[in-house]
Amino acid sequence: GPVSQGTGFAAAIEQTYDYVIVGGGLTGLVVANRLSEDKTKSVIVVENGYIDDSPATSIPYMAGFVNTEAMYPITSAAEPHLNNLTFPVRVGNVVGGGSVVNGMMFDRGSNADYDAWKDLGNEDWGWEGLEPYFKKSTHFTPPSESSCREFGITYNVSAYGSGPLQVSIPSFQYPDYAPIFKSWRAENISMPTEAFLNPLGAFWAPNTVDNTTATRSHARKAYYDPVQSRTNLKLLSGTHIDEILFDDKNTEKIIASGVKITSRIDGSTTKLYASKEVILAAGGIFTPHLLMVSGIGPRDILAAANVTVKKDMPAVGSNFQDHVPAYMSFNLSNRAFPNPDSVASNASFNASAAVQYEESRSGPWSVGRGNALAFLTFKQFSSNYQLITSQIPRQKAIQFLPEQYSKSRALLAGFEKQREILMKEYLGDDAAVGEFGIQPSGRATASIQKPLSRGTLKLNTTHPQAFPIVQWNALQNPIDKAVLGEAVRWNRKHWARKELSQYSPVETAPGVQYQSDDEIVEGCLKTNALQPSFSHPSGSCPMMPEELGGCVSGSLLVYGIQKLSIVDASIIPMIPAAHLQATMYAVAEKAADIIKGRSKEP
Ligand SMILES: Cc1cc2nc3c(=O)[nH]c(=O)nc-3n(C[C@H](O)[C@H](O)[C@H](O)COP(=O)(O)OP(=O)(O)OC[C@H]3O[C@@H](n4cnc5c(N)ncnc54)[C@H](O)[C@@H]3O)c2cc1C
């Protein structure tokens with residue numbers, strides 16, 4: 001659990017800083033580091049969580065568990081297209097945010113995934129505009145030459161830079177990876193040498209682990225700890241931001257002026273002021289929530305919760321996206337020893353693994369959830385890809401979208417533009433539509449990467465300050481269900497390949513009796529194998545033109561409001577086919593440059 005209490009609250013009371021950063025998670029800490037490089041600028045980061053150095057957050061093996069202690073206890077609203085079930089909403093509640101509790105997978109979307117952002121009207125936010133920041137944030141350490149030989153691990157260090165975040169592929173790997181990779185080679189799909197240069201196909205990818213200590217590298221360790229002695233940088237942990245404040249002397253313009261905060265330790269409240277900008281970095285769930293409780297959001301949703309409307313903005317809390325995983329499972333016989341279950345099931349093996357980790361920072365405890373992934377284009381996992389895609393333009397878009405979309409022409413126009421891009425991606429060779437985990441554990445997750453369904457975030461009408469109402473609305477669009485069905489059936493066929501017959505795989509989730517799309521969804525729900533989220537909540541304050549339902553432009557400033565910007569996962573206009581953290585480090589690095597740039601303007 002948390003090892004350090006919040007500090008500095010008393011000293012911060014009613015102070016003015018150049019920048020107030022709302023949320024000390026992944027993006028907040030990156031931006032705090034970069035803005036405070038300029039000694040003439042004062043920066044404060046306010047974070048609800050505490051500093052946490054417990055083994056659960058640092059030992060790579062522990063990343064295989066869900067660290068609920070360092071997360072918010074949020075549950076989603078009923079998901080109408082998943083039998084009205086509710087699901088956990090996973091968000092880190094700790095200094096470093098998601099980077100401290102995540103699964104440590106480190107990969108990016110294809111160039112086309114980011115070019116889509118540009119095509120939606122965000123100049124400079126395509127792959128070319130982002131590439132330098134992927135490099136700027138990262139530093140890669142390879143595994144030993146002998147494991148590269150043994151497992152066929154390849155890499156290219158030129159994909160990375162000499163940045164603060166440490167990423168690596170550990171030298172220890174489980175023997176069963178070799179035959180499993182052989183099955184992927186036999187599928188005749190590409191195997192890029194380095195996924196950070198070309199993330200399409202089946203590949204090895206790093207984890208956010210510092211190879212020198214075999215511990216998790218995260219935003220706090222990489223971006224805050226090394227610069228915490230800067231006198232112009234303050235971190236206020238254990239402090240909740242209750243609302244964004246505005247300059248009420250100015251009646252013509254809406255100007256963000258600071259935040260109201262509450263100490264979690266003694267419940268005392270105060271205000272902090274920003275002379276240059278309030279920067280929202282509270283993530284894909286809480287940034288739209290904070291905007292809404294502060295009076296910026298859809299008028300009807302604010303009114304229903306008795307929040308005074310400062311600016312009617314239907315886009316806040318719309319466009320909500322995530323990946324949708326089917327956690328398929330197989331019983332595998334005849335696995336090699338050790339395998340990923342040996343640690344959990346064999347106490348003496350676990351004890352020796354602990355000693356090995358303690359003594360030499362190697363062995364099973366030095367690895368996380370694994371390092372192998374496959375991101376496939378639609379045609380690679382579906383022979384019906386054209387038929388399924390051809391149904392998209394025949395749909396009346398509004399029929400498969402949340403109610404808000406029928407009240408706002410801009411929201412619908414933005415979605416229709418996204419839909420055109422998605423259709424191109426579904427038919428082409430440049431973007432992945434499905435992700436398939438490659439693990440020697442029998443876990444064979446198949447997840448859809450490019451959903452057409454859109455979720456919403458709303459205020460709790462009786463307690464607007466309480467957690468927002470989170471609804472992914474997963475699988476509302478039947479195309480998403482069809483893509484998921486294709487992915488599951490393909491994965492099933494893959495595990496029946498002769499290269500894998502030595503394991504006599506038996507599908508336990510959902511189970512081969514579930515064949516049609518509807519049956520697969522039903523079977524996955526029955527076996528607890530379907531989630532509306534892959535812990536990648538994003539898109540809920542999208543970066544798009546305002547007439548397309550955007551909240552911020554490429555400058556990251558909220559439309560119609562001065563001195564208020566957003567830098568976190570809520571700005572992603574369309575979710576890339578990738579676990580999100582690499583993208584968020586790059587987005588935050590770019591955001592910092594943009595904000596620095598405007599502070600130089602007269
Ligand atoms: C369980 C889990 C597993 C994941 N696995 C992977 C993975 O394997 N690979 C990968 O690439 N990505 C993964 N991710 C996703 C990745 O970690 C996130 O996309 C990333 O952290 C998002 O960065 P962010 O800055 O937008 O938000 P966060 O990192 O979530 O930061 C937001 C911060 O704001 C704080 N905050 C929010 N509201 C307030 C408030 N009102 N007052 C004060 N503070 C507030 C929060 O406490 C949090 O620290 C995972 C995420 C989770 C949760």
Side-chain angles (χ1 to χ4, degrees), residues 6 20-32 45-52 63-68 70-72 74 88-109 165 167 205-208 216 218-220 223 235-244 259-264 279-291 293-294 322-323 325 368-371 373 435 437 465 467-468 531 533-541 566-572 575-576 578-588 591:
V20 172
I21 300 179
V22 175
L26 189 160
T27 53
L29 294 182
V30 172
V31 170
V45 192
V46 185
E47 165 58 42
N48 189 67
Y50 298 98
I51 284 176
D52 186 342
F65 302 92
V66 181
N67 185 359
T68 46
M71 295 187 210
Y72 293 88
I74 322 179
V89 179
R90 299 203 161 118
V91 183
N93 180 13
V94 52
V95 175
S99 71
V100 179
V101 299
N102 69 22
M104 307 196 305
M105 300 306 304
F106 196 78
D107 59 299
R108 69 161 175 94
L165 185 72
V167 307
N207 283 161
T208 36
R216 179 193 289 263
H218 54 60
R220 197 203 86 221
Y223 280 89
L235 167 69
L236 211 53
S237 59
T239 304
H240 185 259
I241 300 201
D242 308 325
E243 71 180 274
I244 304 159
V259 292
K260 182 172 160 273
I261 60 174
T262 301
S263 163
R264 283 175 69 194
I279 299 168
L280 299 179
I285 300 287
F286 289 116
T287 282
H289 180 236
L290 264 170
L291 283 167
V293 289
S294 310
D322 209 320
H323 302 125
R369 284 173 186 237
N371 297 85
L373 295 169
E435 180 192 344
Q465 278 287 352
F467 293 142
Q531 295 276 330
S533 164
F534 214 20
S535 302
H536 299 152
S538 51
S540 46
C541 295
I566 312 181
V567 299
D568 59 44
S570 61
I571 66 159
I572 289 180
I575 195 164
H579 300 239
L580 282 188
Q581 65 171 339
T583 299
M584 292 325 302
Y585 281 105
V587 163

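When a ligand or atom number is given, it counts from 1 through the structure's own listing order. This chain uses plain numbering: 1 for the first residue, then up along the sequence.
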G92 heavy atoms within 4.0 Å reach ligand 1 at atoms 46 (C), 47 (O), 48 (C), 49 (O)
Validation row: L29, E47 side chains within 4.5 angstrom (heavy atoms): no
heavy-atom search around atom 35 (C) of ligand 1 in the protein gives E47 OE1, 3.2 Å
Next item on the list: Return a yes/no value for G283: is any of its N or O atoms, backbone included, closer than 3.5 angstrom to an N or O of ligand 1?
Entry: no
Under 4.0 Å from one or more heavy atoms of G103, ligand 1 contributes atoms 3 (C), 4 (C), 5 (N), 6 (C), 7 (C), 8 (O)
Near V94 (heavy-atom distance under 4.0 Å), the atoms of ligand 1 are 49 (O)
Would N102 count as a polar contact of ligand 1, with the cut-off being nitrogen or oxygen pairs under 3.5 Å? yes
among protein heavy atoms, the one nearest atom 21 (O) of ligand 1 is G98 CA, 3.3 Å
The protein heavy atom nearest to atom 25 (O) of ligand 1 is T27 OG1, 2.6 Å
Mind checking whether L26 has an N or O less than 3.5 Å away from an N or O of ligand 1? yes
Any N/O of M104 closer than 3.5 Å to an N/O of ligand 1?
yes
- Query: Would you say ligand 1 has an N or O under 3.5 Å from any N or O of A582?
  - Reply: no
Between I572 and M584, is any pair of side-chain heavy atoms under 4.5 Å apart? yes
Within the 4.0 Å heavy-atom cut-off, what T239 brings close to ligand 1 is backbone
Taking every heavy atom of A282 against every heavy atom of D568, the minimum-distance pair comes out as N-OD2, 3.0 Å
Which word best sums up how the rings of F534 and H579 line up, parallel for under 30°, tilted for 30 to 60°, or perpendicular for over 60°? tilted
query = Any side-chain donor paired with an acceptor under 3.5 Å for D242 and T262?
reply = yes
Could you label the plane-to-plane angle of the F286 and F467 rings as parallel, tilted or perpendicular, counting under 30° as parallel and over 60° as perpendicular? tilted
So the atoms of ligand 1 within less than 4.0 Å of a heavy atom of G23 turn out to be 34 (O), 35 (C)
The answer for which part of R369 has a heavy atom under 4.0 Å from ligand 1 is neither
Going by heavy atoms in the side chains, are I285 and Y72 under 4.5 Å from each other?
-> no
Of I279, V22, L280, the one forming a side chain to side chain contact (heavy atoms under 4.5 Å, CB included) with V567 is I279
Atom 34 (O) of ligand 1: of G238, A282, G96, the nearest heavy atom sits on A282
Atom 19 (O) of ligand 1 sits nearest the protein heavy atom L580 CB, 3.4 Å
Check: Can you check whether M105 has an N/O within less than 3.5 Å of an N/O in ligand 1?
Finding: yes
For F286, the ligand 1 atoms with a heavy-atom partner under 4.0 Å come out as 37 (C), 38 (N)
The complete set of side chain to side chain donor-acceptor pair (under 3.5 Å) pairs with one or both residues in residues 95-104, sequence neighbours excluded, reads N102-R216, N102-Q581
Quick note on ligand 1: atoms under 4.0 Å from a heavy atom of M71 include exactly 1 (C)
Within 4.0 Å of some non-hydrogen atom of D568, the atoms of ligand 1 are 26 (O)
Contact region, A281 to ligand 1, non-hydrogen atoms below 4.0 Å, reads backbone
Inset, instruction - For the pair R264 (side chain) and H240 (backbone), establish whether a donor and an acceptor sit closer than 3.5 Å, ignoring hydrogens and angles. - result: no
If you scan protein heavy atoms around atom 41 (N) of ligand 1, the nearest is I241 O, 3.0 Å
Near A569 (heavy-atom distance under 4.0 Å), the atoms of ligand 1 are 26 (O)
Between S535 and R90 the two heavy atoms that sit nearest each other are OG-CB, 3.7 Å
For atom 44 (N) of ligand 1, the closest protein heavy atom turns out to be N48 N, 3.1 Å
Among non-hydrogen protein atoms, atom 12 (N) of ligand 1 lies closest to Q581 N, 3.5 Å
Side chain to side chain contact (heavy atoms under 4.5 Å, CB included) with T239: of I241, L236, L235, only one passes, and it is L236
| query | Looking at side-chain heavy atoms only, is the closest gap between T208 and H218 below 4.5 Å? | reply | no
Judged by heavy atoms only, the candidate from F534, Y585, Y72 nearest atom 36 (N) of ligand 1 is Y72
Ranked by distance from atom 22 (C) of ligand 1, the top protein heavy atom is M584 CG, 4.1 Å
So do V95 and V45 actually touch side chain to side chain, heavy atoms under 4.5 Å? no
Heavy atoms of V94 and A70 approach each other most closely as CG1-O, 4.0 Å
| query | Measuring to protein heavy atoms, does anything land under 4.0 Å from atom 52 (C) of ligand 1? | reply | yes
Between G370 and N207, the two heavy atoms sitting closest are O-ND2, 3.4 Å
